[in-house]
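Scroll down for the structure; my scribbles are underneath it.
Protein chains get the first letters and strands the later ones, always in sequence-line order, with residue 1 at the start of each. The analysis underlying the following values was restricted to heavy atoms, covering all of them including side chains, and did not include hydrogens, waters or symmetry mates.
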There are 2 protein chains.
Amino acid sequence: MAAKGDETRARMIEATRTLTEAKGYHGTGLNEVLALSGAPRGSLYHHFPGGKDQLVGEALTGAGREVDGLLADLAEEAADVPALVHALLDALAERMTASGFAKGCPVATVALEVASSNDALQQITAEVYGGWQRRLADRLHADGREAAEADDVATTVLALIEGALVLARAQRSREPIDRVRRRIAAVLG
Amino acid sequence: MAAKGDETRARMIEATRTLTEAKGYHGTGLNEVLALSGAPRGSLYHHFPGGKDQLVGEALTGAGREVDGLLADLAEEAADVPALVHALLDALAERMTASGFAKGCPVATVALEVASSNDALQQITAEVYGGWQRRLADRLHADGREAAEADDVATTVLALIEGALVLARAQRSREPIDRVRRRIAAVLG
DNA sequence: GTCTATACAAAGATAGAC
DNA sequence: GTCTATCTTTGTATAGAC
């Protein structure tokens with residue numbers, strides 16, 4: 001059975017995911033994390049001796065794994081890659097509007113903040129994006145694309161999604177996502 | 001002739017642009033801005049009575065105007081939109097690598113941080129992106145695209161560029177930009 | 001009106017009680 | 001081993017000297 005400390009630990013990571021997705025690494029205070037998770041102050045460095053970086057790092061890898069699982073599911077269900085991307089964009093747009101434009105890509109905000117100033121976290125964001133890209137490239141390759149082109153297309157699709165999330169959140173509108181969605185067929189042509 | 005205070009003011013905005021592009025709104029301290037710009041401590045609230053938000057706001061609008069000017073120049077020089085985007089991606093990739101992956105999109109990092117928590121700055125980032133989108137849509141329309149499609153394509157191109165910059169900075173590699181660049185013809189087809 | 005010194009709050013991290 | 005209280009630093013903002 002799961003110990004109580006493990007639940008607390010999980011709640012702290014979940015709170016960190018929510019807060020860093022909306023406001024980034026520097027915008028998320030550990031006090032906020034404790035308040036949102038309901039965890040007591042002293043538990044923080046007990047569960048995360050590496051401090052804030054460890055906590056945010058685990059939040060990033062957790063979000064990365066979750067999206068990767070979603071991608072794997074969609075890759076299995078969808079008839080083709082356009083259908084996969086359509087379903088993904090719908091899910092992301094819904095999640096974003098439901099959160100009042102607080103939720104977009106769970107790693108992008110932190111990724112941009114740490115890219116040139118925090119090696120440990122930069123490496124984690126790089127690996128998360130690399131995993132998603134590979135998942136898309138594999139499906140494109142399975143559908144008959146040559147490997148090098150599958151890599152180019154997968155990165156392009158991922159960039160398109162990430163960019164649409166940036167624009168949608170910046171403009172507080174799902175329209176950029178919908179516009180990009182209408183052009184997916186052309187992008188994958 | 002320009003007063004000395006105006007130069008100091010301009011240097012503070014420039015320093016803010018550099019720092020917020022790399023580390024975001026919350027990651028940029030006013031002490032850092034003062035250190036990088038060489039401005040004295042007391043000048044800050046003299047030149048920017050609105051404090052940090054005014055300073056960052058002016059940095060964002062300045063960066064927006066500068067990129068808009070670049071877009072206008074490229075729109076005039078380039079033979080077609082693919083050539084325009086190629087030139088833009090080349091310039092952005094060069095700028096990014098030359099800065100050690102500190103420079104990507106000058107507004108994206110802040111845009112993601114403030115989207116759901118700072119109304120004044122969110123509005124500025126929304127307007128900056130809106131201006132860039134319009135600039136691209138106008139050129140597409142001038143090239144013969146129907147207006148609604150020009151909007152869709154312009155937003156798609158902008159999203160693609162923004163996403164490529166996110167991935168490139170996260171992975172500290174210009175390869176995502178190069179991969180996207182190779183797919184531009186297909187996207188605009 | 002330009003700058004130095006400082007106030008006040010919040011950050012991250014730790015020490016020690018239980 | 002779980003939590004309370006505190007320590008140090010850094011953040012933004014302001015007051016007052018010149």
Side-chain donor or acceptor of [X] paired with backbone N/O of [Y] under 3.5 Å:
| X | Y | result |
| --- | --- | --- |
| B:R183 | A:V153 | no |
| B:Q133 | B:D151 | yes |
| A:E21 | A:K103 | no |

How close or far is atom [atom2] of [N] from atom [atom1] of [X], stated in whole angstroms?
| X | N | atom1 | atom2 | value |
| --- | --- | --- | --- | --- |
| A:K52 | C:dA13 | NZ | P | 8 Å |
| A:F48 | D:dT2 | CZ | C1' | 15 Å |
| B:D53 | D:dG11 | CG | P | 17 Å |
| A:L30 | C:dG12 | CG | P | 4 Å |
| B:R41 | C:dT6 | CZ | P | 13 Å |
| B:L44 | C:dT6 | CG | C1' | 16 Å |
| A:H47 | C:dA13 | NE2 | C1' | 17 Å |
| A:L34 | D:dT4 | CG | C1' | 13 Å |

Please determine whether a side-chain nitrogen or oxygen atom of [X] lies at a distance below 4.0 Å from atom OP1 or OP2 of [N].
| X | N | value |
| --- | --- | --- |
| B:H46 | C:dG1 | no |
| B:S43 | C:dC3 | yes |
| A:Y45 | C:dT14 | no |

message: Just to be sure I understand the rule, does B:N31 reach a base, reach only the sugar-phosphate, or reach nothing, if contact means heavy atoms closer than 4.0 Å?
response: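 Counting heavy atoms under 4.0 Å across all strands, the contact made by B:N31 includes a base.
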query: Checking side chain to side chain contact (heavy atoms under 4.5 Å, CB included) against B:T28, which of B:V56, B:V33, B:V110, B:L36 comes through?
result: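 Of B:V56, B:V33, B:V110, B:L36, side chain to side chain contact (heavy atoms under 4.5 Å, CB included) with B:T28 is met by B:V33 alone.
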